[in-house]
Amino acid sequence: MHENFDGIVKPNSPEGELLAAIDPARLPQHIAVIMDGNGRWAGARGKARIFGHREGSESVRAIIDTCARMEVKAITLYAFSTENWKRPKTEVSGLMSMLKRVLKRELKTLHGNNIRFQAIGNLYGLAPDVQAELAAATAFTRENTGMVLSVALNYGGRAEIVEAAKKAAEKAKYLRKL
Ligand code: IPE
Ligand code: MG
């Protein structure tokens, strides 16, 4: 694992020391990130929220790159919850177009790094163009055998309970007919 950082992290730098302290055998297999604080980051710098989202997407790039080098098996990014629809229309559309743009831009790199992309959550609730971009990225990286990158969109605890209850009801209906 350490050799994956050769030429990236200098041995005697603070990062190098942190890296040296990592025992690959004790690294988690799956890391999940709840993305938060973008707006506050921007606000603290007197900038519009969308700048914070842009900066957040840069952080995500670094996280994905680092996790892939650390040979983590899976990473899940919680990016947009069902509650996030309540935000101003311009912010929602800004986030959605950024998602499409970043995905398109990073797809070759993801693929080149053998990363398998997938989107999770209630994807049917997303705009058709966003769904199409997600489907394209999923199909493009389907055969990859490296890290699995899941992006959670339109996800929510409440939504998941509703889905689970619906499925259970369907199953009960089916079983009753047997
Ligand atoms: C995370 O940052 C990005 C999304 C959930 C879309 P926030 O937008 O929640 O930023 P804060 O919490 O308002 O600072
Ligand atoms: Mg927040």
Side-chain angles (χ1 to χ4, degrees), residues 4-5 7-9 15 28-160 163:
N4 298 336
F5 290 89
I8 309 278
V9 173
E15 286 89 358
Q29 309 238 355
H30 188 162
I31 297 176
V33 180
I34 300 171
M35 295 158 77
D36 199 15
N38 289 354
R40 276 163 284 166
W41 185 93
R45 285 156 184 81
K47 291 182 176 178
R49 295 179 60 84
I50 198 73
F51 285 98
H53 295 315
R54 217 168 284 168
E55 198 65 26
S57 77
E58 286 302 316
S59 301
V60 156
R61 210 154 69 139
I63 290 169
I64 294 169
D65 181 84
T66 306
C67 285
R69 285 178 200 281
M70 290 199 305
E71 295 167 8
V72 167
K73 295 249 180 331
I75 165 160
T76 299
L77 303 171
Y78 286 89
F80 191 90
S81 74
T82 50
E83 277 71 34
N84 289 148
W85 293 112
K86 290 190 208 118
R87 295 184 178 205
K89 257 200 179 120
T90 49
E91 187 176 347
V92 172
S93 64
L95 281 167
M96 290 299 160
S97 54
M98 210 179 74
L99 172 67
K100 283 195 298 178
R101 204 169 53 237
V102 171
L103 204 52
K104 224 180 237 164
R105 194 185 66 202
E106 301 298 328
L107 192 55
K108 287 243 164 68
T109 309
L110 293 175
H111 188 56
N113 290 326
N114 196 23
I115 294 170
R116 181 155 64 85
F117 173 88
Q118 63 176 6
I120 56 172
N122 188 1
L123 304 180
Y124 296 111
L126 300 169
D129 56 337
V130 177
Q131 287 187 46
E133 204 60 56
L134 296 170
T138 306
F140 196 70
T141 62
R142 175 160 290 144
E143 311 272 290
N144 290 346
T145 53
M147 186 170 78
V148 179
L149 167 64
S150 306
V151 178
L153 299 161
N154 200 16
Y155 70 89
R158 198 176 281 262
E160 267 162 39
E163 273 310 305

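This is a predicted model, so every value here is computed, not measured.
Under 3.5 Å, the side chains of Thr138 and Gln118 contain no donor-acceptor pair of N or O atoms.
In this structure, Ile115 and Asn144 approach most closely via the heavy-atom pair O-ND2, 2.9 Å. Residue Asn154 comes nearest to Asn122 through the heavy atom pair ND2-O, 2.9 Å, listed as atom of the first residue, atom of the second, then distance. The two residues Ala48 and Ala42 have their closest heavy-atom pair at O-CB, 3.3 Å. Here the shortest heavy-atom pairing between Ala79 and Leu153 reads CB-CD2, 4.0 Å.
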Only pairs under 3.5 Å count here: list side-chain donor-acceptor contacts from residues 67-77, not counting sequence neighbours, and write none if there are none.
| from | atom 1 | to | atom 2 | distance (Å) |
| --- | --- | --- | --- | --- |
| Arg69 | NE | Asp65 | OD2 | 2.9 |
| Arg69 | NH1 | Asn4 | O | 2.9 |
| Glu71 | OE2 | Asn4 | ND2 | 2.8 |
| Thr76 | OG1 | His30 | NE2 | 2.7 |

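Note: Ile34 CD1 to Ser81 OG = 10.0 Å, rounded to the nearest 0.5 Å. Between the OG atom of Ser57 and the CZ atom of Arg105 there is a distance of 6.0 Å, given to the nearest 0.5 Å. Here the OG-CE distance, from Ser93 to Met96, works out to 9.5 Å after rounding to the nearest 0.5 Å. Atoms CG and OG1, from Leu107 and Thr141 in turn, are 6.5 Å apart once rounded to the nearest 0.5 Å.
Residues passing the side chain to side chain contact (heavy atoms under 4.5 Å, CB included) test with Ala127 are Asp129, Val130, sequence neighbours excluded. With sequence neighbours excluded, the residues forming a side chain to side chain contact (heavy atoms under 4.5 Å, CB included) with Glu55 are Trp41, listed by chain and number. The side chain to side chain donor-acceptor pair (under 3.5 Å) test applied to Thr66 returns no partner, not counting sequence neighbours. Partners of Glu91 according to the side chain to side chain donor-acceptor pair (under 3.5 Å) rule, which considers only residues two or more places apart in sequence or in another chain, are Arg49, His53, Arg87. Under the rule for a side chain to side chain donor-acceptor pair (under 3.5 Å), Arg116 has no partner lying at least two apart in sequence or in another chain. Listed by chain and number, the residues in a ring pair (Phe, Tyr, Trp, His ring centres under 6.0 Å) with Tyr78 are Tyr155 (sequence neighbours excluded). Residues satisfying the side chain to side chain donor-acceptor pair (under 3.5 Å) test with Arg61, not counting sequence neighbours, are Glu58, Glu106.
The environment of CD1 in Ile120 is crowded: more than 12 heavy-atom neighbours from other residues, nucleotides or ligands sit within 6.0 Å. In Arg45, the CZ atom is crowded: over 12 heavy atoms of neighbouring residues, nucleotides or ligands sit closer than 6.0 Å.
The salt bridge (charged side-chain N to carboxylate O under 4.0 Å, His left out) pairs that include a residue from residues 140-157 number zero, where partners must be two or more places apart or lie in different chains. For residues 98-123, the set of pairs meeting the ring pair (Phe, Tyr, Trp, His ring centres under 6.0 Å) definition, not counting sequence neighbours, comprises His111-Phe140. Pairs engaging residues 84-106 under the ring pair (Phe, Tyr, Trp, His ring centres under 6.0 Å) rule: Phe80-Trp85 [sequence neighbours left out]. For residues 146-157, the set of pairs meeting the salt bridge (charged side-chain N to carboxylate O under 4.0 Å, His left out) definition, not counting sequence neighbours, is empty.
Considering only heavy atoms from C-beta on, Asn84 stays 4.5 Å or farther from Leu95 through its side chain. Considering only heavy atoms from C-beta on, Ile64 comes within 4.5 Å of Met147 through its side chain. Side-chain contact between Val151 and Leu134: absent, with no pair of heavy atoms (C-beta onward) separated by less than 4.5 Å. Side chains of Lys89 and Val92 form no contact here, defined as non-hydrogen atoms less than 4.5 Å apart.
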